[in-house]
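These notes are about the structure you will find just below.
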Amino acid sequence: QVQLRESGGGLVQSGGSLRLSCEPSASLFSFNEMGWYRQAPGKQRELVAVIVDSVDGGWPTYADSVNGRFTISRDNAKNALHLQMNSLKPEDTAVYYCHADQKLSGRTYDFWGQGTQVTVSS
């Protein structure tokens, strides 16, 4: 069973920055797609940013609400996934989850971290 360990959440003022990290128990290269999702109180979990595996490091996709402010990246040397969040807004407040999936023998296996809280004060 793959485990994903998130870190880097916290409390920050509006306009500030945070960097989230996700360290999987398996190699980054074993995953087809990795990304970050978030869930605010009373709302459904939503995609923030994903990166699809490739030899060159993958290509990212962002939610419109964070495009231009957030950057997802892979650190192959440290086997970690990061989410750099700049110009944070109160509406970015949520629990952020790392997600990864593996495709094996025609099936897709999804893995989730336990989440890290991000709170942006106005």
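Along the sequence shown, residues carry numbers from 1.
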**Request:** Assign the ring pair Y37 / W112 to parallel, tilted or perpendicular, where the plane angle (0 to 90°) is split at 30° and 60°.
**Result:**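 Correct class here is perpendicular.
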Rounded distance [0.5 Å steps], [atom1] in [X] versus [atom2] in [Y]:
{"X": "D92", "Y": "S65", "atom1": "CG", "atom2": "OG", "result": "7.0 Å"}
{"X": "E23", "Y": "C98", "atom1": "CD", "atom2": "SG", "result": "10.0 Å"}
{"X": "F31", "Y": "D101", "atom1": "CZ", "atom2": "CG", "result": "9.0 Å"}
{"X": "S7", "Y": "H82", "atom1": "OG", "atom2": "NE2", "result": "8.5 Å"}
{"X": "F70", "Y": "L83", "atom1": "CZ", "atom2": "CG", "result": "6.0 Å"}
{"X": "Q39", "Y": "Y96", "atom1": "CD", "atom2": "OH", "result": "12.0 Å"}

**Prompt:** Closest approach of M34 and A100, non-hydrogen atoms and distance?
**Reply:**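 Answer, listing the atom of M34 first, then A100: CG-CB, 3.9 Å.
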**Message:** Testing the basics here: between I72 and G35, what is the closest heavy-atom pair and its distance to 0.1 Å?
**Reply:**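 In terms of heavy atoms, the two residues are closest at CD1-CA, 4.0 Å.
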**Message:** For the backbone of C22 and the side chain of E6, can you confirm whether one donor and one acceptor N or O come within less than 3.5 Å of each other?
**Reply:**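 The answer is no, because no donor-acceptor pair under 3.5 Å joins these two groups.
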**Item:** Shared hydrophobic cluster for V95 and L88 (ILVMFWY, side-chain gaps under 4.5 Å)
**Value:**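 Unlinked, V95 and L88 end up in two clusters.
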Output all residues satisfying side-chain contact (heavy atoms from CB on, under 4.5 Å) with [X], sequence neighbours left out; order by chain, then residue number.
{"X": "T119", "answer": "L11, T93, Q117"}
{"X": "N79", "answer": "P24, S27, L28"}
{"X": "S14", "answer": "P90, V120"}

**Prompt:** Can S73 and Q84 be counted as having a side-chain donor-acceptor contact under 3.5 angstrom?
**Reply:**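 Short answer, no.
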**Message:** The test is side-chain contact (heavy atoms from CB on, under 4.5 Å); show your working for Y62 and T71 and say whether it passes.
**Reply:** CA-CA 8 Å; Y62 298 96; T71 302; 3.8 Å; yes
**Message:** Taking side chain to side chain donor-acceptor pair (under 3.5 Å) as the definition, give me every residue that meets it alongside K103, ordered by chain and number, with sequence neighbours left out.
**Reply:**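 Result, side chain to side chain donor-acceptor pair (under 3.5 Å) vs K103: T108.
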**Item:** Non-hydrogen side-chain atoms of S30 and Q102 separated by less than 4.5 Å
**Value:**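 Touching, per the 4.5 Å side-chain cut-off.
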**Asked** Tell me, do Q3 and F111 make a side-chain contact under 4.5 Å, heavy atoms counted?
**Response**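 Counting from C-beta outward, Q3 and F111 never come under 4.5 Å.
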**Request:** Flag this pair as yes if the NZ/CZ of R74 is under 6.0 angstrom from the six-membered ring centre of F29 and inside a 45 degree cone about the axis; otherwise no.
**Result:**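 Yes, a cation-pi geometry holds between R74 and F29.
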**Message:** Checking Y97 now: which residues fulfil ring-ring contact (aromatic ring centres under 6.0 Å, His included) with it, not counting sequence neighbours?
**Reply:**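 Testing Y97 for ring-ring contact (aromatic ring centres under 6.0 Å, His included), a comparison that skips the adjacent residues, returns none.
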Do any side-chain atoms of residues 40-52 form donor-acceptor pairs under 3.5 angstrom with protein atoms, and if so which ones, sequence neighbours left out?
from	atom 1	to	atom 2	distance (Å)
E46	OE2	R38	NE	2.7
E46	OE2	R38	NH2	3.3

**Item:** Enclosure of E91 CD (heavy-atom neighbours >12, cutoff 6.0 Å)
**Value:**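 More than 12 heavy atoms, drawn from other residues, nucleotides or ligands, come within 6.0 Å of this atom.
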**Request:** Run the numbers on T116 and L20 for side-chain contact (heavy atoms from CB on, under 4.5 Å), then give the verdict.
**Result:** CA-CA 8 Å; T116 184; L20 304 184; 4.0 Å; yes
